[in-house]
K.L.:
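Have a look at this one.
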There are 2 protein chains.
Amino acid sequence: MAKLTITDIAGRAGVSKATVSRVLNKQAAGVGRETRARIQRILDETGFQPSATARTLSTGRSHSVGLVIPDIANPYYPLLVSGVEQTLVAAGYSLVLCNTGGNVAKEAAYIGILIDKGVDGVILNSSTSQDDSHVRLLEDADIPLVLLDRVVGRRAARYGVFVDNHFGARQAAEHLLARQDCALVFINGPPDLSQSIERRAGVEAAFAKSGLPRDRLRVVEADCTLEGGRRAIADLIEAAWDGSGKRRLSFNAAFAANDLMAFGALRALRHIGVLVPDEVEVIGFDDVEFARLAEPPLTTVAQPAMEMGAASADLILQLIAGARPRQKTLMMTPRLVLRGTTGARPASASETPRKGAKEHG
Amino acid sequence: MAKLTITDIAGRAGVSKATVSRVLNKQAAGVGRETRARIQRILDETGFQPSATARTLSTGRSHSVGLVIPDIANPYYPLLVSGVEQTLVAAGYSLVLCNTGGNVAKEAAYIGILIDKGVDGVILNSSTSQDDSHVRLLEDADIPLVLLDRVVGRRAARYGVFVDNHFGARQAAEHLLARQDCALVFINGPPDLSQSIERRAGVEAAFAKSGLPRDRLRVVEADCTLEGGRRAIADLIEAAWDGSGKRRLSFNAAFAANDLMAFGALRALRHIGVLVPDEVEVIGFDDVEFARLAEPPLTTVAQPAMEMGAASADLILQLIAGARPRQKTLMMTPRLVLRGTTGARPASASETPRKGAKEHG
DNA sequence: CGGCCTTTAGAAACCGGTTACTTTAACTGG
DNA sequence: CCAGTTAAAGTAACCGGTTTCTAAAGGCCG
């Protein structure tokens with residue numbers, strides 16, 4: 001059965017395309033009660049669905065939004081996607097998913113495709129904070145843009161939904177640094193990400209306040225994958241190997257810029273039989289679902305991923321509707337969740353008031 | 001800067017739209033060397049990108065494919081999505097993601113939207129195996145369809161990529177049933193899924209072969225979530241509670257139809273201090289990334305998720321290209337991966353040859 | 001040198017909707 | 001009874017491409 005067009009419907013009803021179109025769009029004026037009813041009946045009988053493509057060409061609105069993310073396989077992103085998707089679909093929009101694999105070239109290519117496709121807006125969780133040439137393309141084409149999770153270009157210049165990375169990292173670092181004689185390793189993500197810069201700053205701030213000697217903080221960089229985190233720690237262990245049979249660790253606390261790397265670190269530690277949290281304490285970032293499930297459950301800085309996704313979708317819908325909210329950036333507050341990979345701390349009055357709450361069970 | 005159109009380009013080059021179109025589409029014939037070069041130069045200078053919408057309307061091909069999945073937050077699906085996405089983008093197609101949350105009505109609604117949008121094909125990981133009315137809609141509209149992971153309607157009737165659920169479940173059940181005095185609980189998914197039926201049949205087959213008395217197998221149903229798996233086991237524990245302080249378990253082996261439910265089961269068991277695998281052995285299904293990471297690492301039936309996604313994308317691309325492969329269904333073989341939630345078995349000659357391999361580390 | 005073939009390029013229809021503008025008819029009020 | 005309004009419905013242009021058909025020009029051959 002060939003696909004019906006509005007002309008077919010018009011033919012059957014003995015009216016013009018224009019009239020059918022008016023009924024389709026539920027326009028109050030311009031169609032008589034009787035005619036409208038007749039057309040409506042034919043619409044219902046045939047189950048006619050107008051072509052979204054034709055409508056898009058004619059109206060310039062596609063009712064779809066592009067979502068660009070680095071890596072759907074990283075368990076943090078599905079939550080983000082889920083939040084975006086739910087909000088969009090509720091508003092009658094659909095989602096074009098662009099998974100860049102952290103590849104900046106692929107990201108740029110995807111943005112080009114989204115422009116061609118005529119999406120009404122783009123939510124961008126970019127893999128680079130430096131080069132914003134592809135983002136300019138969007139702006140030149142006047143397509144609303146919401147940055148998600150990672151800043152591109154000047155922070156306040158564009159709409160965006162972020163988490164307070166500095167705060168979150170500081171909380172985590174402070175907690176670790178309160179340990180007796182702490183020697184901290186910070187496993188950061190790629191250094192060209194705004195995120196990485198902010199988190200590092202948070203760690204440094206906490207470290208400065210601790211007054212510990214400079215060599216007690218080491219910062220290493222990894223690629224946000226489990227294997228990257230594992231190798232980062234394995235390398236450190238290797239480097240401290242003194243040739244004798246006895247293993248010596250050069251650190252007793254590790255903070256990873258995401259949970260996946262934290263799990264990798266734990267894996268490396270477990271591999272050589274290091275006890276967590278007794279010998280080394282570990283904190284991650286994100287709070288993916290499995291952080292709770294791991295044994296021991298992972299202490300981590302929780303980000304409200306689903307809410308962030310939903311918020312970015314809300315924002316893009318507003319922009320598409322033509323609104324231009326004063327408040328350009330929405331900053332969410334992360335929360336340190338204490339679980340099993342960190343040890344108990346003596347309740348001390350001197351400690352900063354903490355947002356993190358101990359979870360039970 | 002207003003968006004350029006093909007007419008603008010034609011104007012600048014002093015030629016007609018038709019000629020520009022021929023250059024755009026790299027048609028060999030119909031344009032002189034010199035003219036072609038001049039137009040090409042203007043194209044490059046302006047960075048002109050033709051509107052995909054207009055092209056779609058005109059040619060009837062959208063170069064996009066819809067992917068319908070039940071739940072992106074379930075860690076099994078991102079892998080599937082990733083496999084699909086990589087294959088599609090490599091072929092110049094883009095991906096419209098439809099997350100149904102297991103809601104059949106939402107699934108049907110999404111299929112309607114995909115038809116309107118004029119996607120060239122649909123990959124459907126359905127939440128129902130019964131009602132295929134919405135799938136018929138696709139077929140009426142002559143839109144190629146590939147079923148993924150779950151059968152809808154008669155198995156051989158439609159193109160699809162599946163895993164041999166019967167085999168996988170049988171492997172797992174056999175392994176568990178080899179335990180001394182085994183009392184097995186099978187936590188199945190929703191009973192209206194083809195998957196669930198097949199896996200159950202696999203379990204029943206293994207059980208029948210074991211010769212154990214009927215009451216040694218219990219089948220319960222849950223909703224494929226972690227919480228569902230947890231509750232299923234918690235309920236069984238509750239039911240076996242004899243009022244005294246001493247806990248009695250009515251089973252010593254559990255096989256869950258996915259890893260998430262297996263983790264839920266482990267959680268319920270841990271909650272009352274049951275030792276795994278000593279007191280109860282547990283096997284999951286899927287082999288999500290965290291199965292390896294959990295402590296103890298989860299024994300599970302591994303599905304090649306990424307490959308399945310890629311295979312389904314390959315198949316839909318073939319169908320879009322007009323091919324109609326003889327072989328309608330592609331059946332992947334799952335593999336039992338023995339890890340820490342099952343105990344060692346005495347190597348016995350009588351045992352079925354096993355595909356599963358013991359992993360190290 | 002004229003007719004025919006081929007190449008180049010343009011004109012126009014088409015894809016399936018939306019919408020500004022126009023026509024027709026009925027209704028209102030002076 | 002007729003001018004003025006208003007509601008209903010149609011006509012046609014338009015969105016931005018693709019494609020078929022056709023016209024013009026250039027080259028080759030007899």
Side-chain angles (χ1 to χ4, degrees), chain A residues 1-40 42-43 46-64 113 115-120 141-142, chain B residues 1-40 42-43 46-64 113 115-120 141-142:
Chain A
M1 144 173 84
K3 191 123 183 7
L4 287 175
T5 73
I6 198 172
T7 313
D8 300 328
I9 303 292
R12 292 196 196 200
V15 298
S16 72
K17 299 195 317 179
T19 305
V20 176
S21 176
R22 287 189 266 258
V23 174
L24 271 177
N25 296 296
K26 303 192 180 35
Q27 290 186 355
V31 187
R33 282 181 50 77
E34 197 186 341
T35 314
R36 161 162 281 140
R38 176 159 43 94
I39 295 175
Q40 190 60 58
I42 296 178
L43 253 27
T46 56
F48 172 72
Q49 291 295 113
S51 149
T53 307
R55 179 172 281 171
T56 294
L57 183 60
S58 177
T59 61
R61 341 228 61 202
S62 65
H63 288 269
S64 62
I113 292 173
I115 295 174
D116 304 350
K117 291 244 166 195
V119 294
D120 294 339
D142 258 322
Chain B
M1 145 172 85
K3 190 119 182 14
L4 287 174
T5 72
I6 198 173
T7 314
D8 300 328
I9 303 292
R12 293 196 194 201
V15 299
S16 71
K17 299 194 317 177
T19 306
V20 178
S21 175
R22 287 189 267 257
V23 174
L24 270 177
N25 296 297
K26 303 191 178 37
Q27 290 185 355
V31 187
R33 281 181 49 78
E34 197 186 340
T35 315
R36 159 162 282 142
R38 178 160 42 95
I39 294 175
Q40 189 61 56
I42 296 179
L43 253 27
T46 57
F48 173 73
Q49 291 295 113
S51 149
T53 308
R55 181 172 280 172
T56 296
L57 183 59
S58 178
T59 61
R61 340 227 62 199
S62 66
H63 288 270
S64 63
I113 291 173
I115 295 175
D116 304 350
K117 291 245 166 194
V119 294
D120 293 339
D142 260 321

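So you know, we letter chains A, B, ... as the sequences are listed, proteins then strands, and number each from 1.
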K.L.:
For nucleotides 16-22 of chain C, give me every protein contact, N/O to N/O, under 3.5 Å, one pair per line with atom names.
P.N.:
from, atom 1, to, atom 2, distance (Å)
C/dG16, N2, A/Ala54, O, 3.4
C/dG17, OP1, A/Ser51, N, 3.3
C/dG17, OP2, A/Ile6, N, 2.5
C/dG17, O5', A/Ser51, N, 3.4
C/dG17, N7, A/Lys17, NZ, 2.7
C/dG17, O6, A/Lys17, NZ, 3.0
C/dG17, N2, A/Ser58, OG, 3.2
C/dT18, OP1, A/Asn25, OD1, 3.3
C/dT18, OP1, A/Asn25, ND2, 3.2
C/dT18, OP1, A/Arg55, NE, 2.8
C/dT18, OP1, A/Arg55, NH2, 2.9
C/dT18, OP2, A/Ser21, OG, 2.5
C/dT18, OP2, A/Asn25, ND2, 3.4
C/dT18, O4', A/Ser58, OG, 2.7

K.L.:
Are any non-hydrogen side-chain atoms of B/Thr19 and B/Arg36 less than 4.5 angstrom apart?
P.N.:
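The answer is no; the side chains never approach within 4.5 Å.
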K.L.:
Separation of B/Ile9 atom CD1 from D/dT18 atom C1', in whole Å?
P.N.:
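The distance from CD1 of B/Ile9 to C1' of D/dT18 comes to 16 Å, rounded to the nearest Å.
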K.L.:
Would you say the side chain of A/Asn25 lies within less than 4.5 Å of the side chain of A/Arg55, judging by non-hydrogen atoms?
P.N.:
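A side-chain contact under 4.5 Å exists here.
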K.L.:
Would you say the side chain of A/Ile6 lies within less than 4.5 Å of the side chain of A/Phe48, judging by non-hydrogen atoms?
P.N.:
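Yes. Closest side-chain heavy atoms under 4.5 Å.
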K.L.:
Which is true for A/Thr56 with a 4.0 Å heavy-atom rule: it touches a base, it touches only sugar-phosphate, or it touches nothing?
P.N.:
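No contact at all - A/Thr56 keeps every heavy atom at 4.0 Å or more from the nucleic acid.
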K.L.:
Could you tell me whether the side chain of A/Val23 reaches within less than 4.5 Å of the side chain of A/Gln40, counting heavy atoms only?
P.N.:
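Result yes, sub-4.5 Å side-chain heavy-atom pair found.
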K.L.:
Taking CG from B/Asp116 and P from C/dC15, how many angstroms apart are they, rounded to a whole number?
P.N.:
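Nearest whole value for this atom pair: 19 Å.
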K.L.:
From CZ of A/Arg61 over to C1' of D/dC15, roughly how many Å is that when rounded to an integer?
P.N.:
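The answer, rounded to whole Å, is 14 Å.
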K.L.:
Each nucleotide N or O in nucleotides 23-25 of chain D that has a protein N or O under 3.5 Å away: list the pair and distance.
P.N.:
none

K.L.:
At what distance, to the nearest 0.5 angstrom, does OG of A/Ser51 lie from CG of A/Leu57?
P.N.:
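If I round to the nearest 0.5 Å, the distance is 9.0 Å.
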K.L.:
How bent is the helix from C/dC1-D/dG30 to C/dG30-D/dC1, comparing axes over its five end pairs at each side, to the nearest 10°?
P.N.:
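Rounded to the nearest 10 degrees, the bend comes out at 60°.
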K.L.:
Tell me the closest heavy-atom pair linking B/Leu4 and B/Arg12, and the distance in Å.
P.N.:
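For B/Leu4 versus B/Arg12, the nearest heavy atoms are CD2-NH2, 3.9 Å.
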K.L.:
Would you find a donor on one side and an acceptor on the other, under 3.5 Å apart, between the side chain of A/Asp120 and the backbone of A/Arg61?
P.N.:
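Checking the backbone N and O of A/Arg61 against the side chain of A/Asp120, no donor-acceptor pair under 3.5 Å is found.
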K.L.:
Between A/Lys117 and B/Thr56, does the side chain to side chain contact (heavy atoms under 4.5 Å, CB included) criterion hold? Intermediate values first, please.
P.N.:
CA-CA 9 Å; A/Lys117 291 244 166 195; B/Thr56 296; over 6 Å; no
K.L.:
Nearest 0.5 Å please: distance from the CD1 atom of B/Ile39 over to the CD1 atom of B/Ile9.
P.N.:
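Between atom CD1 of B/Ile39 and atom CD1 of B/Ile9 there are 9.5 Å.
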K.L.:
Looking across every strand, which nucleic acid part, if any, lies under 4.0 Å from A/Gly14 by heavy atom: base, sugar-phosphate, or nothing?
P.N.:
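Sugar-phosphate, no base atom in range.
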K.L.:
Measuring only between side-chain heavy atoms, which start at C-beta, is A/Ile115 closer than 4.5 Å to B/Lys3?
P.N.:
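Answer yes - side chains close enough.
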K.L.:
When you measure from the side chain of A/Ser21 to the backbone N and O of A/Lys17, does any donor-acceptor pair fall under 3.5 Å?
P.N.:
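Side chain of A/Ser21 to backbone of A/Lys17, a donor-acceptor pair under 3.5 Å: no, none is there.
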